[in-house]
Amino acid sequence: MEQIKQVEFLISAFSRKQFPEVNLPEIAFVGRSNVGKSTLINTLLNRKKVARTSSSPGCTQSINFFLINNKFVFADLPGFGYAKVPLEVKKKWKPLVESYFHSRKNLKIVILITDIRRKIEDDEYNLLLWFDRFDFTTLLLVTKIDKLSRSRWENKKKDVQKQIHPIKLEPILFSAVTKEGRKNIWQKIQKGLTFS
Ligand code: GTP
Ligand code: MG
């Protein structure tokens with residue numbers, strides 16, 4: 001597991017022009033609003049408030065870049081798909097995120113985060129399909145597993161695999177509350193950085 005020695009906030013980017021120019025491998029965190037992207041970043045980094053989190057959706061509206069150990073970059077993306085998020089905010093998501101995926105040559109890993117209590121939605125499935133055309137490694141992380149009893153985790157994992165068929169990805173189970181899965185996701189990140 002990566003030992004976190006240094007976390008430096010780079011920029012909160014609202015447009016492509018503001019994306020930082022770095023020549024280091026990047027890992028992006030993407031998913032529906034309120035699913036727990038920013039919380040996952042904080043848990044991975046062992047920090048409480050590196051990435052801003054909130055119980056109300058639409059908290060992250062720009063792309064926040066963090067430099068880790070002077071070695072790689074984390075990009076916290078704004079969430080999508082939440083009905084209560086204002087239309088103005090929703091309209092900005094697509095162009096910002098599309099320009100991000102099309103311009104980040106250093107992007108090595110994309111982690112799609114989903115909620116264990118929900119089935120895979122069309123927008124999540126479509127993102128997975130779209131990711132296929134890029135060179136980065138895609139990881140599928142199922143978070144908030146503390147909300148479901150342990151006995152149901154394995155079945156839930158199989159359900160997710162069925163729902164994303166024919167895409168083949170092994171869901172990584174995670175909880176920011178119990179820290180379950182933290183080691184596993186770090187291993188997958190490190191593997192992804194080595195092989196891509
Ligand atoms: P946006 O920035 O709005 O897209 O949301 P986000 O995906 O960054 O979610 P965020 O990390 O702000 O978390 C949303 C809510 O979910 C917060 O109230 C978190 O405390 C809660 N949460 C995140 N991860 C977990 C988890 O593993 N278990 C539980 N029980 N709650 C979690
Ligand atoms: Mg967020």
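Ligands are counted one by one from 1 in listed order, and the atoms in each one are counted from 1 as well. Quantities reported herein were computed from a predicted structural model and do not represent experimental measurements. We number each residue from 1, following the sequence as shown.
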Proximal atoms of ligand 1 relative to Lys147 (non-hydrogen, under 4.0 Å): 30 (N)

Polar side chain donor-acceptor pair, Asp76 to Ser38, under 3.5 angstrom: yes

Side-chain donor/acceptor of Arg16 to backbone N/O of Tyr100, under 3.5 Å: no

Structural part of Asp146 in contact with ligand 1, heavy atom criterion under 4.0 angstrom: side chain

Main-chain N/O of Arg117 paired to Asp115 side chain as donor or acceptor, under 3.5 Å: yes

Atoms of ligand 1, numbered as shown, that sit under 4.0 Å from any heavy atom of Ser175: 27 (O)

Presence of N, O or S from Thr53 under 2.8 Å of the Mg ion (ligand 2): no

Pair Asn106-Glu26, side-chain donor/acceptor within less than 3.5 Å: yes

Geometric class of the Phe134/His102 ring pair [parallel <30°, tilted 30-60°, perpendicular >60°]: tilted

Short N or O distance, Pro78 and ligand 1, threshold 3.5 Å exclusive: no

Modelled atom types, side-chain donor and acceptor of Thr39 and Thr53, under 3.5 Å: no

Close-contact set for ligand 1 against Gly79 heavy atoms, below 4.0 Å: 4 (O)

Centroid-centroid distance, Phe101 to Phe136, less than 6.0 Å: yes

Ligand-side contact atoms (ligand 1) for residue partner Thr39, heavy atom cut-off under 4.0 Å: 10 (P), 11 (O), 13 (O), 19 (C), 23 (C), 24 (N)

Whether Glu124 side chain and Glu121 backbone form a donor-acceptor pair below 3.5 Å: yes

Any donor-acceptor N/O pair, Asn42 side chain to Lys48 backbone, under 3.5 Å: yes

Distance filter under 4.0 Å to Thr143 heavy atoms, resulting ligand 1 atoms: 27 (O)

Short N or O distance, Thr53 and ligand 1, threshold 3.5 Å exclusive: no

Close-contact set for ligand 1 against Ser38 heavy atoms, below 4.0 Å: 8 (O), 11 (O)

N/O separation below 3.5 Å, Ile145 to ligand 1: no

Close approach of Gly31 to ligand 1, heavy atoms, under 4.0 angstrom: no

Heteroatom distance test (Asp76, ligand 1): nitrogen or oxygen, under 3.5 angstrom: no

